[in-house]
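Following: one structure in structure tokens, then a few remarks.
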Amino acid sequence: MASNDPEPSDLSGDPQPGDLIEIFRPAYQHWALYLGDGYIINLTPVDESQAAAMSSVKSVFSRKAVVRMQLLKEVVGNDSYRVNNKYDDNHTPLPVCEIIQRAQVLIDQEVSYDLLGSNCEHFVTLLRYGEGVSEQASRAIGAISLVTAAASAFSVLGLINPRSRNRPF
């Protein structure tokens with residue numbers, strides 16, 4: 001069975017500019033883009049201090065975010081991370097100088113945030129590939145669709161055979 005937890009061999013302390021950084025939080029993965037010299041760019045909630053935003057689950061429910069340049073080691077804290085350019089097989093990365101330039105223009109800008117449509121993974125993949133992609137969001141949308149379909153099916157079955165609910169046995 002596949003796991004979202006990193007294998008020890010996957011952990012990387014030597015990212016290159018333009019790399020996607022996957023940070024393993026207790027309940028989710030946070031994504032950043034490596035700029036170089038120990039710095040990353042990532043999304044943080046608008047209404048929190050930089051220190052609190054690094055590990056906050058509140059960021060998942062926020063509707064706005066701020067693009068911040070921060071030290072990778074400070075954002076990671078006690079969590080683990082890895083370089084994960086997992087979309088390189090299906091998407092061609094932009095030239096590194098363009099990735100960095102696009103990222104730097106956004107530092108300290110407020111952007112809209114949506115867990116399923118415009119999250120931290122969408123943000124960094126948009127910078128790297130010119131297209132926002134999020135496997136986490138796709139999985140969540142699939143799960144929501146499955147639950148919705150199941151609920152609809154049970155609802156329809158209940159409407160089709162209402163007498164079965166009134167049986168004493």
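This chain uses plain numbering: 1 for the first residue, then up along the sequence.
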How about [X] and [Y]: do any of their side-chain heavy atoms sit closer than 4.5 Å?
X: Ile107; Y: Gln109; answer: no
X: Phe24; Y: Gln29; answer: yes
X: Tyr87; Y: Glu121; answer: yes
X: Leu35; Y: Ile40; answer: no

[X]: which residues meet the side-chain hydrogen bond (donor to acceptor under 3.5 Å, both in side chains) condition with it, sequence neighbours left out?
X: Glu131; value: His91
X: Asp19; value: Asn85
X: Tyr129; value: Asp88

Practice task
Spell out, yes or no, whether Leu126 and Val83 are grouped together once hydrophobic residues are joined by side-chain heavy atoms under 4.5 Å, including indirect joins.
Solution key: no

Exercise for the section: For Leu43 and Val67, run side-chain contact (heavy atoms from CB on, under 4.5 Å): C-alpha distance rounded to whole Å, both residues' side-chain angles, the deciding distance at 0.1 Å, then the answer. Expected result: CA-CA 5 Å; Leu43 296 180; Val67 179; 3.7 Å; yes

Got a second to check how far [X]'s [atom1] is from [Y]'s [atom2], nearest 0.5 Å?
X: Tyr28; Y: Cys120; atom1: OH; atom2: SG; answer: 7.5 Å
X: Glu22; Y: Lys86; atom1: CD; atom2: NZ; answer: 5.5 Å
X: Arg63; Y: Ser112; atom1: CZ; atom2: OG; answer: 8.0 Å

What are the two closest non-hydrogen atoms of [X] and [Y], and how far apart are they?
X: Ile100; Y: Pro17; result: CD1-CB, 4.2 Å
X: Pro15; Y: Tyr81; result: CD-OH, 4.3 Å
X: Ala103; Y: Ile41; result: O-CD1, 3.1 Å
X: Pro26; Y: Asp79; result: CD-OD1, 4.1 Å

Problem - Residues that Ile99 engages under side chain to side chain contact (heavy atoms under 4.5 Å, CB included), provided they are two or more places apart - result: Leu33, Leu94, Arg128

Completion exercise
Sequence neighbours excluded, the answer for side chain to side chain contact (heavy atoms under 4.5 Å, CB included) partners of Val66 is Thr44, Val46, Arg68

Problem - Asn42/Val75 under side-chain contact (heavy atoms from CB on, under 4.5 Å): CA gap, chis, key distance, verdict - result: CA-CA 9 Å; Asn42 72 133; Val75 175; 4.1 Å; yes

Handout entry: Pair Glu74-Tyr39, side-chain donor/acceptor within less than 3.5 Å
Key = no

Exercise for the section: For the pair Ile21 and Val124, evaluate side-chain contact (heavy atoms from CB on, under 4.5 Å) and give the outcome as yes or no after the intermediate values. Expected result: CA-CA 9 Å; Ile21 306 294; Val124 297; over 6 Å; no

Fill in the blank from the handout: The complete set of side chain to side chain donor-acceptor pair (under 3.5 Å) pairs with one or both residues in residues 93-104, sequence neighbours excluded, reads none

Practice task
Take Trp31 and Ile23, measure what side-chain contact (heavy atoms from CB on, under 4.5 Å) needs, and give me the verdict at the end.
Solution key: CA-CA 6 Å; Trp31 289 84; Ile23 302 166; over 6 Å; no

